[in-house]
Amino acid sequence: MSKEIPAQYDASQVEDKWYEYWMENNYFHSEPDDRESFTVVIPPPNVTGVLHMGHMLNNTIQDVLVRRARMQGYNACWVPGTDHASIATEAKVVKRLREKGIKKGDLERDEFLEHAWEWTHEHGGIILEQLKKLGASCDWDRTNFTMNPEYSESVIDVFIDLYEKGKIYRGARMINWDPEAKTALSDEEVIHKEVNSKLYHIKYKIVGEDDFVTIATTRPETLLGDTAVCINPDDERYKHLHGKKVIVPLVDREVPIILDDYVDMEFGTGCLKVTPAHDENDYNLGQKHNLETINMLNEDGTVSEEGELYIGMDRFAVRKQIEKDLDEAGLLYKVEDYQNKVGYSERTDAVIEPRLSLQWWVSMKELSQPALENVMNDTVEFHPAKFKNTYRHWMENVRDWCISRQLWWGHRIPAWYNEDGDFVVAKTKAEAEEKLKIKGLKFKNLKQDEDVLDTWFSSWLWPISVFDPKYIGEYQEREPNSELDYYYPTKDLVTAPEIMFFWVARMIIAGYEYMDNKPFDNVYYTGIVRDKKGRKMSKSLGNSPDPIELIGKYGADGIRMGMLFATPAGNDLPFDEKLCEQGRNFCNKIWNAFRFLTMNMEDGVDYEPTTAINKDDISDRWMAARIQETIAGVNEDFDNYKLNDALKKVYSLIWDDFCDWYIELAKPMEYGQNIPKEKLNTALGFFEQLMKLLHPFMPFISEEIWQHIQERTEEEALLVSEWPEMDGSKMDEADLKLFDTLQQMVSSLRNIRAEVQVSPKEELDVLIQTKDQKTADAILSNRIVLEKLESIKSLEVGPDVEKPSVYSSSIVDGNEIYVPLEGLVDFEKERERIQKEIDRLEGFLKGINGKLSNEGFVNNAPETVVEKEKKKKADTEESLAKLREQLKDFED
RNA sequence: GCGUUCUUAGCUCAGUUGGUUAGAGCGCUACGUUGACAUCGUAGAGGUCGGCAGUUCGAAUCUGCCAGAACGCACCA
């Protein structure tokens, strides 16, 4: 033994070492050159976030794609960065200030932003550091942030540009109001959940009569804002009410009864209370029938002055109270259980209140047209393609995008207002003054819009702005060889289907609007990481393991493998630590295979891995062929984004083929001997190939072994080595077939031992009656395979080999294997075994005969298929004949 | 309500244009420590491919209906 290597692989020792080495040598950094670019932009995580299992999966996949591309000779560039995540971050800052006893309301905008930046600098980048532990080969020199000054400028430029093109407008509409975050949200940020609520039937007195009408509502508190009651004009029950008025309970407001066929006569009582300020449909009714709007809610969800009653109380407290008060007033007819869907804020989980409000909007219909077309025609490919349907559905029904947020943390809207309320959109106050002046409007004492932009309004520019944030201004004059042109469009985007609309769709829209080109060639949608109960892993549920702890326990390679192994594209990943364990075990297996080879090295001998093989050695020829076969398969899997299939092929090649068969066959026959130098060199050569194929998936252990195999210069590191190319000349189908037969024979012998309970150590006499001389010659010239893997005393092979009197047997490929086992064979058991096999084959034969005697089959099926059936029939009959003969041997 | 996608071994999933004796990993059972690895080896058990009907010479694969699940979209109080 020339080197001391520990018997167990210790990832923690190895992983940090190689990550540092890679960083020191700047391998991850990319500059434009003659090579084709392979660009990936990271889906920027929240700057104040921490790594969770979803990030682990997502970034592992990106790293696999990028590492392979780098080995393939592309100029690989993976741009990392973070997102300012307006709502989430502002909420965190507000919470932290509250803990310090500071209220947001007590601070000036600038003071608040100072706190936010402080928090960003403190926490920003933690998540990126965590990605390094995972092995992410990002170009860290290019780390970006959506609130960097230059990036921010591009966001503002785009806002101004779209405004000037008439694609952005300001308007009063019903919006989704988050009373917790106190901001408007886009439709995408509202999650509708089915909830158990109540349907309140409330009586409204008819003016001038003693009679009542009963309306049904799930939100009784909104009656404070009622300005009408609506019935269907065709409703016979209410004909007598036409033209009358009713009195809103408690507030005693007289409101008209209006007629509109919008009202469904079947639902509830057929009477609808109308609250134009707090329901989109009611708002439409209000517009149509010229109704007053009463804004009865404050921004925090409490009742406003306009509500008259319950002022300052939270809407849900009012709901309870008003139920009591209505009941006491005798106006509550009944309350029934009811299931309906309620909108919740995606970020704060607060119940959304529809609210009439003046906001900024992006007009989506026209903008999104190219984005729809180019996904449908596969210019941008979705993997898996099934997501095209969802995408199309959304895009075809796309609604205008509310982009203003009543927050401070984010990109402030570049709109400026004068004292009269006139406004212009301009980059600076000076420009705004100029613009107003030209229009002949007041231009002094301008105030900038208080609101910021939706975070996604900045991240939709990510694939562009990370390379050149000045593209708007310089769009026309941009140098032809700019970084943006070199890296754009990017190759693969890896993200979750959850943000298909939030982000993916909008990036494609921005790409066509500003680059006149797609932002990426492919979108790979990952699944959701779930726990054993099928729940999404989340911090709030506390069901997610800490990724960093997991890495400590199983190694980054182990976790990468574990996750990839279980996640076909677009399918959810039911996470189980067992997967990581499997990954760790695989590392150990690889490690020990390598360790075994080093144990065979002799002092003072130079070993040089080689791709040369011994042509006379079936195991060499077979291993070489298996590697070629795997390269072809893996490349195809990558082309189809089936990374888990690719990994499984590599896993099986290493564990099953290389470890279980090749190494076993490389072991010298005799005791205490080392593997000969030539054989070891070939084995090491194979090992190098294996490490190349493994590297994208498990970068650390592969690099570690690669560097152990030989001294390497910086240029020779595995991550910058060449991805293996398929070489058909190294793959002989006949070798694969022959070796497969030998493998089956070995397994048969082992099976016989197990059945008759003969120890693996006991030497057997083996007789093989082959179907022909050619097979016999092939087996005999490769008898070493059988002799090494089985304890064999004597081996007799040939078409005329006579079977012994008492034996156990097996049939492989039409060749009969006999093991004489005088005194060991249980006749009864053997008969049963043979009979069972005969029964099975007879059933099989029956099926084949059924087909072949069917004229329809013989006439219609392709010739090759018929031939195949005929061959099966012949083989099966042959085997059956042999088995029947054997059965006779055991009958007496 | 509309739409999309699923349903294959105890669990998690493969199965390419209809033609295999339906595969893998984990788990399970039995056996096994004289030269890598018990984070291991060898062998084995386990499935009427959700149900029913149809197309076809032939269906896990295509069609229809039914049952169940997931996701997306939608203003029904």
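Letters go in sequence order (proteins before strands), and every chain restarts at 1.
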In this structure, is the centre-to-centre distance between the rings of A/Tyr651 and A/Phe565 below 6.0 Å? yes

Centroid separation A/Phe267 to A/Tyr262 less than 6.0 Å: no

Taking only N and O in the side chain of [X], is any of them less than 4.0 Å away from OP1 or OP2 of [N]?
| X | N | answer |
| --- | --- | --- |
| A/Ser747 | B/A43 | yes |
| A/Asn860 | B/U56 | no |
| A/Arg399 | B/C75 | yes |

Heavy atoms under 4.0 Å, any strand shown: does [X] hit a base, just sugar-phosphate, or nothing?
| X | result |
| --- | --- |
| A/Glu581 | nothing |
| A/Glu670 | base |
| A/Ala566 | nothing |

Whole-Å distance between [N] [atom2] and [X] [atom1]?
| X | N | atom1 | atom2 | answer |
| --- | --- | --- | --- | --- |
| A/Arg584 | B/A38 | CZ | P | 12 Å |
| A/Gln582 | B/C26 | CD | P | 5 Å |
| A/Asp656 | B/G23 | CG | C1' | 13 Å |
| A/Asp813 | B/U21 | CG | C1' | 14 Å |

For A/Arg315 and A/Glu353, indicate whether the former's side chain and the latter's backbone hold a donor-acceptor pair under 3.5 Å. no

At a heavy-atom distance below 4.0 Å, what parts of residues 332-344 of chain A sit against RNA chain B? A/Tyr338, A/Asn340, A/Lys341

For A/Phe596, is the NZ or CZ atom of A/Lys667 found under 6.0 angstrom from the centre of its six-membered ring and inside 45 degrees of the ring axis? yes

So does A/Lys578 reach the base of B/C26 with its side chain, donor to acceptor, closer than 3.5 Å? no

